[in-house]
Amino acid sequence: MATVNKNLSTYDKATIPNAKNFRFGIVVSEWNENITEGLCEGAISALKVNGVTEDNIIRWNVPGSYELVYGAKHMQKTQQVDAIIAIGSVIQGETKHFDFVCSATAQGIKDLNVQSDIPVIFCVLTDNTLQQAIDRSGGKHGNKGVEAAVAAIKMAALRTLE
C-alpha cells in the first residue's frame with residue numbers, strides 16, 4: 001500500500017514555489033462529506049500556509065465524485081484560476097458502482113488536463129473501507145488534501161514557465 005509509513009501531509013516547504021499571486025479553485029463532492037470536508041480543510045490550510053489568501057480560493061460543491069468533472073470543467077471556463085483541486089471520496093460497496101464512478105472520475109479529470117491549460121489535481125480517495133478514507137483525510141496517514149494543494153501550487157507555477 002502506497003501510504004504505509006508515509007504521511008500525506010509531510011512536505012518540504014522550502015521546495016514549494018511562492019503561491020501568493022496564484023488563484024485556486026476547489027471543487028468538493030458532498031458525498032461522503034465527513035471525508036471530503038477533511039480533505040478540503042487540509043487543502044485550504046496548505047494553500048494558506050504557502051501564501052494564498054482567502055480571496056484567492058474559490059470553492060464549489062457538487063453532489064458526488066462523478067460530478068467533479070463537470071464542476072471542474074465549468075470552473076476552468078468561468079473562473080480565473082491557476083489550478084483546480086477536485087476533492088472526492090468513493091468507498092467500495094457491494095456493487096460495481098464503485099468501479100464505474102472511480103474510472104469515470106479519473107478519466108474525466110485526466111481529459112480536462114489534456115484539453116485545458118488549467119491543471120486539475122486529482123484528490124479523490126478510492127478506498128476499500130471508511131477507515132481507510134478517514135486515515136487519509138486527516139487520520140494516521142495525514143491528509144491527501146495537503147498533498148493535492150502542494151501539487152496544485154507546483155502545477156500553477158509550471159504554467160508560468162515559458
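It should be emphasised that the depicted structure is a prediction, and the values quoted were computed from it without experimental measurement. Sequential numbering from 1 along the given sequence is applied to the chain's residues.
Taking both residues in full, the closest heavy atoms of A149 and A43 are given as CB-O, 3.5 Å, listed atom of the first, atom of the second, then distance. In this structure, S89 and T36 approach most closely via the heavy-atom pair N-CG2, 3.8 Å. Between V146 and G42 the shortest heavy-atom distance is CG2-O, 3.4 Å. Across I87 and C40, no two heavy atoms sit closer than the pair CD1-CA, 3.6 Å.
Residue W31 places its CH2 atom among 12 or fewer non-hydrogen atoms of other residues, nucleotides or ligands, all under 6.0 Å distant. Residue Y66 qualifies as open at atom OH: its count of foreign heavy atoms under 6.0 Å is 12 or below.
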CA sep, side-chain torsions, deciding dist, call: D82, T160, side-chain contact (heavy atoms from CB on, under 4.5 Å): CA-CA 9 Å; D82 296 290; T160 66; 5.9 Å; no
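Within the model, atoms CZ of R159 and CD1 of I118 stand 5.5 Å from one another, a figure rounded to the nearest 0.5 Å. Within the model, atoms CD of Q80 and CD1 of I58 stand 9.0 Å from one another, a figure rounded to the nearest 0.5 Å.
Between the side chain of S103 and the backbone N or O of D99, no donor-acceptor pair lies under 3.5 Å.
The side-chain hydrogen bond (donor to acceptor under 3.5 Å, both in side chains) test applied to D127 returns no partner, not counting sequence neighbours. For N61, the side-chain hydrogen bond (donor to acceptor under 3.5 Å, both in side chains) criterion is met by R59, not counting sequence neighbours. Applying the side chain to side chain contact (heavy atoms under 4.5 Å, CB included) test to T10 and every residue at least two apart in sequence or in another chain returns N7.
Side-chain contact between I16 and K154: present, with at least one pair of heavy atoms (C-beta onward) separated by less than 4.5 Å. In this structure, L39 and N143 have side chains that are in contact, with non-hydrogen atoms separated by less than 4.5 Å.
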